[in-house]
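Input: a single structure, listed below in structure tokens.
As the structure is a prediction and not an experimental result, all values here were calculated from the model. When a ligand or atom number is given, it counts from 1 through the structure's own listing order.
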Amino acid sequence: MSEQRTSIHGQWTNRTVFILAATGSAVGLGNIWKFPYITGENGGGTFVIVYLLCIALIGLPIMMAEIMLGRRGKQSPINTMIALAKDENRNPHWMWLGWMGVVAGFLILSYYSVIAGWAMSYVFRTGGGMFIGVTADGANRIFTDLVSDPERLLAWHSIFMVMTMIVVARGVKNGLEKAVTLLMPLLFGLLLLIVIYSMTTGYFMDGVRFLFTPGSIDGKGILIAMGHAFFTLSLGMGAIMVYGSYLSEDHSIVQASILIALADTVVALLAGLAIFPIVFANGLEPGAGPGLIFQTLPIAFGHMEGGTLLGVLFFTLLMFAAWTSAISLIEPAVAYLVENKGFNRIYASVWIGGLTWFVGLGTVFSFNIWADKTLSIPFLFEDLTFFDTLDYLTANIMLPLGGLFIAIFAAWVMSERSAKEELATYPKVYSVWRFLVRYITPVAVIVVFLKAVGAI
Ligand code: TRP
């Protein structure tokens, strides 16, 4: 039984380390790069409200379920699902849930790394003084120059992938923990500074209004908000499950999950508060797309006291935030190769990393030489580039689908006794969790899916 299981990959030294690592996974480009730009594209207010609802009603319960499954299974998501299904005398086909997660993580990392590369190149652009006194047009041109150059994107993407492979090869535990303890609070502090700068633009309230005043949203917007709740909390693909598998039995999953979700949400909202006032103050377009933070924040750095230094720091920290997220995206795949194929961690990381790098070429090219090559899938989306397609399929389809099955497994397949053992430290919270994950979460995911394809 699971009580005797131990992870062959080791265990977190203590609870704080787990929370840091999971927060490191959750807080990343999703909060600072993606949240503002999809909020801008989907009209603000209502989108943010739907996103917050999804965090509370879908994300949080699934996070608890994922950590719980990981801690009981103590292996990569694929083997965890096989082991848990066996414990409950259920069909081993549940392993396909693990497989979908491994594939989703790998696909996400392939484009995530390219964007992390943008952040790295911006460390040098800011450091070199390129943004001093910059105008909105100038910032836009500097961004366009970068993304229209496949060689540059490729170079940064390659560097970032190598960095990720190195940490994963050394083992997540020995990797970035110490750095994270220091860097995450620093990133938080810097975001606050930019928010304060945004207050001086005279357009702060426009930003606030954009973020929090309800407007309209369509089914696709709702799907994107839900997909992002999964993406930003690193849910639905087994990343948090794997991290949970390195967690010892005597720690509260409930408390940890709430802390992680809270930290993640606060960072995203701060990023929104930092960026939108700058957007409005400079007559920019909220729906500018994936370049949004790269076209707005440099304007702030170019006009504030000590902006060059702050800018360098900010993009460095953003790179670190991306780094701690990236490692969690391939950890499930690496853990699997180590368990089943007898690879050592170094070999496994190089294989998976190399493959991810290769798929990443598609994203590199989709901002330049493939920019006009687009794809449409009936009912779902039209005219998306390679990058947009990957992002759409993973964040809006694969992660929610993964989350749906995780909820079903935790609430309907696993025996109540097992779930109680893991989560019942707070009996009241447990009952709320059980109710949400049994009824609300799965139904909500299905309803959003149906709404997005126009079936309801
Ligand atoms: N949550 C991270 C971010 O917001 C990205 C990420 C890391 C992720 N691991 C994940 C997304 C697993 C989905 C699944 O930047």
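- For the pair Lys220 and Phe381, the cation-pi criterion (under 6.0 Å, within 45° of the ring axis) is not fulfilled.
- Between Phe35 and Tyr51, the ring center distance clears the sub-6.0 Å criterion.
- Side chains of Glu331 and Tyr336: no donor on one and acceptor on the other come within 3.5 Å.
- When the ring-ring contact (aromatic ring centres under 6.0 Å, His included) test is applied to Phe210, the partners found at least two apart in sequence or on another chain are Phe276, Phe280.
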Below 3.5 Å only, please: the N or O atoms of ligand 1 paired with protein N or O atoms, distance on each line.
residue  : atom   : partner : partner atom : Å
ligand 1 : 1 (N)  : Ser25   : O            : 3.2
ligand 1 : 1 (N)  : Ala26   : O            : 3.0
ligand 1 : 1 (N)  : Phe231  : O            : 2.8
ligand 1 : 1 (N)  : Thr232  : O            : 3.2
ligand 1 : 1 (N)  : Ser234  : OG           : 3.0
ligand 1 : 4 (O)  : Ala26   : O            : 3.0
ligand 1 : 4 (O)  : Gly30   : N            : 3.4
ligand 1 : 4 (O)  : Asn31   : OD1          : 3.4
ligand 1 : 9 (N)  : Ser234  : OG           : 3.2
ligand 1 : 9 (N)  : Ser328  : OG           : 2.9
ligand 1 : 15 (O) : Leu29   : N            : 3.1
ligand 1 : 15 (O) : Gly30   : N            : 2.8
ligand 1 : 15 (O) : Tyr112  : OH           : 2.5

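- Just one residue in the list Asn140, Ile142, Leu146 forms a side chain to side chain contact (heavy atoms under 4.5 Å, CB included) with Thr144, and that residue is Asn140.
- Aromatic ring centres of Phe405 and Trp96: separated by at least 6.0 Å.
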